[in-house]
Structures are given as structure tokens and as C-alpha cells.
Engineer: 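Encoded as C-alpha cells, here's the structure I'll be asking about.
Lettering follows sequence order; numbering is per chain, from 1. This one's a predicted model, so the numbers in the text were calculated from it and none came from an experiment.
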There are 2 protein chains.
Amino acid sequence: MPRNNLSREQIVQAAVGLLDTEGVDGLSMRQLGSRLGSTAAAVYWHVKDKEEILVLAAEAVWGEVQLPDLCESGWRAAVTTMANDLHAMTLRHPWLVPAMGFHPLYVPGRARHDDHLLAICQAAGFTGREAEQAMKTVLTFVLGSALVGNKGGPAESTGDDLNFGLRAILDGLHDRLVGRP
Amino acid sequence: MPRNNLSREQIVQAAVGLLDTEGVDGLSMRQLGSRLGSTAAAVYWHVKDKEEILVLAAEAVWGEVQLPDLCESGWRAAVTTMANDLHAMTLRHPWLVPAMGFHPLYVPGRARHDDHLLAICQAAGFTGREAEQAMKTVLTFVLGSALVGNKGGPAESTGDDLNFGLRAILDGLHDRLVGRP
DNA sequence: ACCTGAACACCGTTCAAGT
DNA sequence: ACCTGAACACCGTTCAAGT
């Protein structure tokens with residue numbers, strides 16, 4: 001007979017909440033269980049292990065990032081919008097990028113985000129491997145900002161730093177597109 | 001009476017070796033002690049806690065990164081050399097960047113590296129806050145590459161990706177220097 | 001001064017047992 | 001089907017006790 005106190009949705013929601021407030025160290029199976037008014041072992045009926053919870057939580061937060069319409073404005077504006085939206089997400093969920101260092105969190109939501117950014121680069125004029133490299137350059141910089149801005153070095157307004165670097169990258173990519181030395 | 005089987009140097013050396021081969025999860029105080037022919041508790045006489053071991057290990061590996069002579073060649077070549085050298089270090093010690101997500105590892109060796117990169121940006125013509133932002137852009141991209149290239153997405157030859165993005169950044173910074181739209 | 005052994009509180013995970 | 005309680009093996013850290 002199902003008691004159904006727990007569901008996958010509730011578990012993921014509680015996990016994201018715990019991660020946001022307590023950090024990755026704060027997410028323990030016992031903490032998670034007690035926050036759900038249950039026990040650690042009960043969680044294991046719904047979920048394989050802690051790794052899967054992290055994967056589900058990652059999928060949830062990647063889903064928060066909006067994917068702008070492809071043919072709305074220029075590729076620079078589209079890339080800037082995606083980068084700032086992703087950056088805002090990493091600020092809301094500061095555990096995600098650090099966790100990526102330890103767990104393979106290449107979830108479908110991440111893949112959709114990457115594909116969308118790649119499509120923008122292709123629409124800008126990049127083809128084949130160059131399009132992937134352009135996409136990866138932007139992505140690496142934004143995710144790197146979540147590391148460098150968070151725990152390393154003197155804290156500053158990361159929004160300014162992000163858009164300074166982003167503009168440099170976009171200018172450099174534009175130079176390559178128009179064949180400027 | 002000192003038995004002196006253990007020293008800080010030996011502990012750090014063993015810790016780096018353990019981190020390089022087993023990853024951050026492989027570094028436990030008991031493992032570290034037994035690798036040194038001793039015990040976990042013995043390590044605690046030489047070191048405050050595990051965090052301090054990570055700080056010492058980080059200092060050791062940042063010290064491996066060479067700081068090129070400032071007035072040897074152009075600023076682009078100097079930045080490229082530093083970026084590739086740092087990138088090579090993150091490949092030798094893949095635990096460092098992930099660990100930066102969880103522990104404040106702003107060690108003196110890191111500070112020296114940042115200062116040197118900043119000096120190159122200033123020599124290139126950037127002043128004040130812009131110099132710091134230019135430095136941080138390069139640093140963020142290289143450290144981000146250690147995250148994105150390691151665990152996320154399809155693995156490719158990261159050396160090519162690094163220098164593609166680096167060139168875009170340098171081109172963009174150059175545009176800003178010469179006031180090009 | 002330097003190290004050992006045992007202990008404490010925690011953790012992820014499993015599993016028989018209950019309903 | 002869904003959950004509980006207890007257990008296992010591990011962990012970081014402490015601390016009296018040894019030399």
C-alpha cells in the first residue's frame with residue numbers, strides 16, 4: 001500500500017533548496033530525509049544514490065535558463081542575453097559549477113543550452129569546428145566566472161567583469177568572422 | 001624526543017601525489033597517513049586540518065607555473081605563454097580547479113601569478129580597473145577550461161580550444177586598446 | 001617533541017523487516 | 001509499493017596516553 005509521502009519531484013525540490021542555502025556540504029541524505037519529514041533510507045527507494053539527486057538538481061536549474069528566440073536580434077545580443085541569464089542562474093545556485101568539478105553533470109538541460117548557443121554561433125557565420133569553439137569559449141568564460149568570482153580572489157561586482165570579458169570575446173569573434181587581423 | 005618520521009614537506013608531497021592519482025575524494029587523512037608509513041592522527045601534529053593540506057598543496061602547484069620575463073616580447077605572446085603554462089598545470093593537477101569551488105585557495109603563489117598577469121595587461125596599455133578586468137578575463141577563461149574540458153560535455157583536444165578562445169580574447173582586448181569599434 | 005590507539009560524531013548505502 | 005531501524009564501512013577530528 002503506497003503511503004506516497006515522498007516523490008521524486010519533492011526530493012529534487014528539497015535538494016535544490018538545501019543546496020542553495022547550505023551548499024554542497026549541506027546536502028546529506030539524512031538532512032534531506034528529515035527536511036522531507038522522512039528518513040534517509042526512504043529516499044533510496046525513489047532514487048539510486050546521491051549522484052542521481054545531484055543530476056536531477058542540475059537538470060532542474062539548467063531548465064531555469066531561458067533560450068532566446070534565434071531570429072529576434074543580432075547574434076551579439078543573443079549571446080549576451082544567454083551569458084547573462086546563465087550567469088544569473090549560477091548566482092542563484094552557487095553550488096552548480098563547483099559540483100561540476102566532481103560529478104559529470106552533462107544533463108539534457110545543459111545539452112539544450114549548449115545546442116542553442118551553438119546555433120547562435122552558426123547563425124553568426126561560424127561553421128563546423130569553429131562554431132563549437134566559439135560556443136565553448138563563451139560557455140567556458142561564463143562558467144569560469146562562477147568559480148573565480150565566488151571563492152577566489154578579491155570579490156568585486158561580477159556583473160561588470162562578466163560583460164567586460166564577454167565584450168572582449170565577442171569583439172574577438174567578430175574580428176575572426178570578418179577576417180580582420 | 002623527536003622521531004621526525006613526518007615533516008610538512010613530506011605531507012604536502014604525498015598529498016599532491018595522492019590528489020593527482022586518486023582525485024580529491026582519494027585524499028583522506030587515513031590514506032595520507034598510511035602512505036607516509038604513519039597514521040592519520042600523526043598528521044594532525046604537523047597540520048591544523050585537511051583544509052590546510054589543500055592550501056599547502058595548492059601553493060605547491062601554483063609554484064610550478066612559470067612567470068615569463070615582462071619585457072621579453074609582446075604582451076600577446078606573454079599572455080599566451082602564461083595561459084598555456086597555467087593550462088598545462090591544471091592538466092597535471094586536475095583536482096585544483098574543482099577544489100577551488102569548495103575551498104578558498106587564494107594562496108600566495110596564486111596571488112603572484114595574478115599580479116604577474118596584471119602587470120602584463122598594464123604593460124599592454126590597460127590602466128586601473130580595466131587592467132584588472134582584462135587579467136580576470138584571461139584567468140577566468142583558462143580556469144574555466146579546466147572545468148568544462150574535464151568533466152562536462154564531449155571531450156576534445158583542449159589545447160586547440162584553449163588557444164582559439166585565447167586568441168578571441170586577445171583580439172577583443174586589442175580592439176579595445178586601439179579604440180576600434 | 002612527536003606519535004599511537006581508541007573514541008566521537010558524522011556520512012553514504014544496504015537490507016531485513018514492517019505495513 | 002513504500003517506509004523504518006539498525007547495521008556496515010568509511011570519514012575528519014580529538015585526546016589521553018605513551019616514548
Engineer: Tell me every residue that passes side-chain hydrogen bond (donor to acceptor under 3.5 Å, both in side chains) with A:Arg30, counting only those two or more places apart in sequence or in another chain.
Structural biologist: none
Engineer: Which residues pass the side-chain hydrogen bond (donor to acceptor under 3.5 Å, both in side chains) test with B:Asp20, sequence neighbours left out?
Structural biologist: B:His93, B:Trp95
Engineer: Can you name the side-chain hydrogen bond (donor to acceptor under 3.5 Å, both in side chains) partners of A:Arg167, sequence neighbours left out?
Structural biologist: none
Engineer: Going by the salt bridge (charged side-chain N to carboxylate O under 4.0 Å, His left out) test, which pairs reach into residues 49-63 of chain B, not counting sequence neighbours?
Structural biologist: B:Arg8-B:Glu52, B:Glu59-B:Arg112
Engineer: How does DNA chain D look in dot-bracket form if you count Watson-Crick and G-U pairs under 3.5 Å, write [ ] for pairs that cross, and put | where a base pairs with another strand?
Structural biologist: ||.|||||...|||||.||
Engineer: Once each nucleotide of nucleotides 10-17 of chain C is scored for protein heavy atoms under 4.0 Å, what B/S/- sequence comes out, 5' to 3'?
Structural biologist: -BBBBB--
Engineer: Kindly point out which of C:dC3, C:dT4, D:dC3 is positioned nearest to the side chain of B:Thr39?
Structural biologist: C:dT4
Engineer: Looking at A:Arg76 and A:Asp171, is there a salt bridge between them, counting it only when a charged N and a carboxylate O are closer than 4.0 Å?
Structural biologist: yes
Engineer: Any ion pair linking A:Asp160 and B:Lys136 (charged N to carboxylate O, less than 4.0 Å)?
Structural biologist: no
Engineer: Establish, with yes or no, whether the OP1 or OP2 oxygen of D:dA1 is under 4.0 angstrom from a side-chain nitrogen or oxygen of A:His46.
Structural biologist: no
Engineer: Backbone N or O of B:Thr137 within a donor-acceptor pair of the B:Thr140 side chain at under 3.5 Å?
Structural biologist: no
Engineer: Keeping B:Thr39 on the side-chain end and B:Ala42 on the backbone end, is there a donor-acceptor pair under 3.5 Å?
Structural biologist: no
